[in-house]
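Take a look at the structure set out below.
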Amino acid sequence: MEKQISILLKHLKTELISLWILQILLFVAGETNILPNGVYAGDAQTEYALNCTGVLLMLIVVPLALRLFNLNTTRGIKRMNLDEAITEYHKWSIARIVLLAISNFANTVFYYFTLNTANLLCIFIGLVALFMCWPTYNKIKDYLELTNKQNEQ
């Protein structure tokens, strides 16, 4: 079990670090004008639509990603063996990361298109949520021990 946890932990950390690298590359693209800066800054309707979309996306996706992970990793725990539990944990971790990445990437693009700081706040909230998703050995071990306890009963 220890080896499986360390392999899973390595995969999850690699995936999160890859997401951070992509986010940094997106910021670099915006700062070097690869992403056009302020294209919609003068167009009030488009700017409003992009800002509302970014805020709504963040308000829906961040709680949804965190809650979906919690529900789906604890609900079906009784029927899983150790290998299935590890696979399930990894699958829902990836789903959570992808949902948060969609919100962060969209808000980053919207920020550079509109240069409105509301999208920066949404990016910051998404990044804080990603910090909360950082995997640790103890989190995974506690989840797998819960799986073993449920299977023994």
Side-chain angles (χ1 to χ4, degrees), residues 1-75 83-147:
M1 181 167 105
E2 304 295 324
K3 185 177 179 182
Q4 292 171 320
I5 292 174
S6 59
I7 290 171
L8 176 62
L9 189 60
K10 185 175 119 180
H11 286 296
L12 290 174
K13 285 183 178 181
T14 303
E15 291 156 1
L16 265 173
I17 290 170
S18 299
L19 174 70
W20 280 99
I21 291 170
L22 288 173
Q23 183 70 47
I24 290 169
L25 289 175
L26 199 56
F27 276 122
V28 168
E31 291 299 320
T32 57
N33 288 328
I34 294 172
L35 283 177
N37 290 336
V39 171
Y40 299 115
D43 186 2
Q45 286 182 326
T46 306
E47 186 176 345
Y48 177 76
L50 289 176
N51 286 335
C52 285
T53 303
V55 169
L56 286 173
L57 187 62
M58 186 273 312
L59 284 173
I60 292 169
V61 168
V62 170
L64 177 72
L66 298 176
R67 187 69 180 147
L68 267 177
F69 176 79
N70 188 29
L71 283 175
N72 289 310
T73 56
T74 56
R75 180 179 287 169
D83 291 332
E84 290 173 336
I86 289 174
T87 303
E88 193 75 7
Y89 190 91
H90 190 213
K91 178 178 77 172
W92 286 106
S93 292
I94 290 173
R96 175 176 59 177
I97 291 169
V98 166
L99 285 171
L100 293 172
I102 289 169
S103 174
N104 282 352
F105 293 165
N107 276 300
T108 303
V109 171
F110 295 164
Y111 167 70
Y112 283 108
F113 283 177
T114 64
L115 298 177
N116 191 315
T117 56
N119 296 112
L120 279 179
L121 178 63
C122 294
I123 295 167
F124 177 73
I125 292 169
L127 293 176
V128 168
L130 280 172
F131 275 124
M132 291 173 33
C133 297
W134 186 256
T136 63
Y137 182 83
N138 289 334
K139 284 182 190 176
I140 297 171
K141 187 175 180 184
D142 290 343
Y143 169 74
L144 294 176
E145 285 177 358
L146 182 61
T147 302

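Index from 1, following the sequence.
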Steps toward side chain to side chain contact (heavy atoms under 4.5 Å, CB included) verdict (Val128, Val62) = CA-CA 10 Å; Val128 168; Val62 170; over 6 Å; no
Look up atom [atom1] in [X] and atom [atom2] in [Y], then write down how far apart they are to the nearest 0.5 Å.
{"X": "Phe69", "Y": "Leu64", "atom1": "CZ", "atom2": "CG", "result": "13.5 Å"}
{"X": "Ile24", "Y": "Glu31", "atom1": "CD1", "atom2": "CD", "result": "13.0 Å"}
{"X": "Phe105", "Y": "Ile123", "atom1": "CZ", "atom2": "CD1", "result": "10.5 Å"}
{"X": "Ile86", "Y": "Asp83", "atom1": "CD1", "atom2": "CG", "result": "6.0 Å"}
{"X": "Tyr89", "Y": "Ile5", "atom1": "OH", "atom2": "CD1", "result": "10.0 Å"}
{"X": "Gln23", "Y": "Leu127", "atom1": "CD", "atom2": "CG", "result": "5.5 Å"}

Sequence neighbours left out, what passes side-chain contact (heavy atoms from CB on, under 4.5 Å) with [X]? Give chain and number order.
{"X": "Val39", "value": "Pro36"}
{"X": "Leu56", "value": "none"}
{"X": "Leu99", "value": "Val61, Ala65, Leu68"}

State which residues pass side-chain hydrogen bond (donor to acceptor under 3.5 Å, both in side chains) with [X]; sequence neighbours excluded, sorted by chain then number.
{"X": "Asn104", "answer": "none"}
{"X": "Ser103", "answer": "none"}
{"X": "Asn138", "answer": "none"}
{"X": "Glu84", "answer": "none"}

Tell me, which pairs form a side chain to side chain donor-acceptor pair (under 3.5 Å) where one or both residues lie in residues 6-19, sequence neighbours left out?
-> Glu15-His90
ring-ring contact (aromatic ring centres under 6.0 Å, His included) pairs touching residues 16-66, sequence neighbours excluded, are Trp20-Phe131, Tyr40-Phe113
If you look at every heavy atom in [X] and [Y], which pair is closest and at what distance?
{"X": "Leu16", "Y": "Pro135", "value": "CD1-CD, 3.4 Å"}
{"X": "Cys122", "Y": "Gly54", "value": "SG-O, 4.1 Å"}
{"X": "Ala129", "Y": "Leu100", "value": "CB-CD2, 4.0 Å"}

Residues 114-121 side chain polar contacts: donor-acceptor under 3.5 Å, at least two apart:
from   : atom 1 : to     : atom 2 : distance (Å)
Thr114 : OG1    : Phe110 : O      : 2.8
Thr114 : OG1    : Asn116 : N      : 3.3
Asn116 : OD1    : Ala118 : N      : 3.0
Asn116 : ND2    : Glu47  : OE2    : 3.4
Asn119 : ND2    : Asn107 : OD1    : 3.0

Excluding sequence neighbours, so at least two apart, what forms salt bridge (Lys or Arg N to Asp or Glu O under 4.0 Å) with Lys91?
-> Glu88
Any side-chain heavy-atom pair from [X] and [Y] closer than 4.5 angstrom?
{"X": "Leu50", "Y": "Thr46", "result": "yes"}
{"X": "Gln4", "Y": "Ile7", "result": "no"}
{"X": "Leu12", "Y": "Cys133", "result": "no"}
{"X": "Ile94", "Y": "Val98", "result": "yes"}

Partner residues of Tyr112 under the ring-ring contact (aromatic ring centres under 6.0 Å, His included) criterion, sequence neighbours left out = none
